[in-house]
Amino acid sequence: MEELPVPHNIKISNITCDSFKISWDMDPKSKDRITHYFIDLNKKENKNSNKFKHKDVPTKLVAKAVPLPMTVRGHWFLSPRTEYTVAVQTASKQVDGDYVVSEWSEIIEFCTADYSKVHLTQLMEKAEAIAGRMLKFSVFYRNQHKEYFDYIREHHGNVMQPSLKDNSGSHGSPISTKLEGIFFSCNTEFNTGKPPQDSPYGRYRVEVPAEKLFNPNTNLYFGDFYCMYTAYHYVILVIAPMGSPGDEFCKQRLPQLSLSDNKFLTCTQEHGGLVFHQAQDVILEVIYTDPVDLSWGTVAEIIGHQLMSLSTANAKKDPSCKTCNISVGR
């Protein structure tokens, strides 16, 4: 019997965080005998696994031969922003139920996409469900070591510069390692209404009046929702001055929030001034996308402790938490 054509020139297209389309070329000889495709997908660290497969070993996905390109969705639990390898065989199902298969194709590598706005909206809705009531606040604050602020004064003319966000939070978040900004906090102690006296990030703190960073000339975006194997959850929000590069980046990728009507962080006009509220039951991490002059606020040493265990630097999200995960990967 003539051998089945081996797929070649494999193309991957329409990649999302949990699906892709695949197509390939093949010799028209014996094409009409093909009844199925065998598709083998591996995370990139296992890319050598195909070398140990034999022609008659069933693969991870047996799909009926359909017109190409074929959409692959739901057959695997694909993770966002993850590198995969894929290889293909053509197959012909025999009357006894066995398959005759071609040789394996070459191995192709590709990377799944970040969460789309649709996925982030699902994540945001889960965060809204636990955000809790809103409390007033008046300052954004950022803790660092004394050396950080000394460096800013000496080498950056007193201006804090945006830096690339780390890999903390959801693996599919489109802002991780791509958005530049400056992290601030705004949560307050319930009994005092002021910033907490402790911090995981350093004993020195800059406090900036809220209206300097958050006002009608800025846009607000939802960035992420995660936890680190703990009972409390984090929400990442992005504040971007209108028309800034950070604003343009977020507009394309993140759900935009109303400044005055959302469950996390609000700015409203009352009695001729701006009033600010933040969600009580989540820890807010606010990224401001433009430079911030230290002269906008005050820098002082905190009187509390430095609680390193609460740091979220490059923190990995708990993939098993039902509160902060959606069904399209982690």
Side-chain angles (χ1 to χ4, degrees), residues 12-21 73 78-84 110-128 131 140 161-184 186 213-227 233-267 279 282-292 312-317 319 324-330:
I12 305 292
S13 61
N14 295 80
I15 300 170
T16 72
C17 67
D18 63 348
S19 69
F20 62 92
K21 286 188 176 183
R73 176 189 286 113
L78 290 173
S79 295
R81 203 188 278 201
T82 302
E83 292 184 321
Y84 288 94
F110 72 99
C111 185
T112 47
D114 296 333
Y115 285 154
S116 67
K117 279 188 183 180
V118 172
H119 299 116
L120 286 171
T121 299
Q122 293 174 17
L123 203 58
M124 180 177 72
E125 288 168 352
K126 300 199 81 167
E128 288 173 340
F140 289 101
Q161 298 294 330
S163 59
L164 214 54
K165 184 195 171 297
D166 64 13
N167 252 324
S168 61
S170 300
H171 191 57
S173 172
I175 62 176
S176 291
T177 70
K178 294 182 179 178
L179 176 67
E180 291 192 341
I182 305 170
F183 262 107
F184 285 91
C186 62
L213 306 184
F214 190 34
N215 55 61
N217 295 316
T218 57
N219 283 324
L220 179 66
Y221 299 91
F222 174 84
D224 201 3
F225 177 44
Y226 71 101
C227 72
H233 282 80
Y234 296 84
V235 169
I236 297 179
L237 302 174
V238 183
I239 297 175
M242 286 182 180
S244 65
D247 191 33
E248 294 305 314
F249 177 96
C250 294
K251 200 168 286 185
Q252 298 172 35
R253 297 168 177 83
L254 305 181
Q256 187 169 349
L257 301 174
S258 162
L259 297 191
S260 60
D261 184 18
N262 69 80
K263 300 286 189 183
F264 310 112
L265 189 72
T266 60
C267 168
V282 291
I283 299 174
L284 295 179
E285 297 184 309
V286 179
I287 300 175
Y288 186 76
T289 61
D290 269 17
V292 174
T312 61
N314 287 304
K316 299 305 177 191
K317 179 174 181 174
C324 62
N325 281 294
I326 54 178
S327 61
V328 292
R330 303 297 187 250

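Quick caveat: nothing in here was measured; it's all calculated off a predicted structure.
Between Ser176 and Arg81, the shortest heavy-atom distance links the atoms O-NH1, 2.7 Å. Across all their heavy atoms, Leu123 and Cys324 have their closest contact at CD1-O, 3.3 Å.
Note: Phe184 and Phe140 have perpendicular aromatic rings, judged against thresholds of 30 and 60 degrees for the angle between ring planes.
Between Asp114 and Lys178 there is a salt bridge, since at least one side-chain N of the basic residue sits less than 4.0 Å from a carboxylate O of the acidic one.
Residues meeting the side chain to side chain donor-acceptor pair (under 3.5 Å) test with Tyr288, sequence neighbours left out: none. Taking Lys117 as the reference, nothing meets the side chain to side chain donor-acceptor pair (under 3.5 Å) condition, with sequence neighbours excluded. In this structure Glu248 satisfies the side chain to side chain contact (heavy atoms under 4.5 Å, CB included) test together with Lys251, sequence neighbours excluded.
Of the candidates Asn219, Leu254, Thr218, Leu254 is the only one forming a side-chain contact (heavy atoms from CB on, under 4.5 Å) with Val238.
Between the side chains of Ser13 and Lys21, not a single donor N or O lies within less than 3.5 Å of an accepting N or O. Judged by distance alone, the side chains of Tyr234 and Asp224 never bring a donor and an acceptor atom under 3.5 Å apart.
By the 4.5 Å heavy-atom criterion applied to side chains, Asn262 and Phe222 are not counted as neighbours. Between Val282 and Leu284 the shortest side-chain heavy-atom distance falls below 4.5 Å.
For NZ of Lys263, the number of neighbouring non-hydrogen atoms (other residues, nucleotides, ligands) closer than 6.0 Å is 12 at most.
Separating the CG atom in Leu237 from the CZ atom in Phe225 is a distance of 11.5 Å, to the nearest 0.5 Å.
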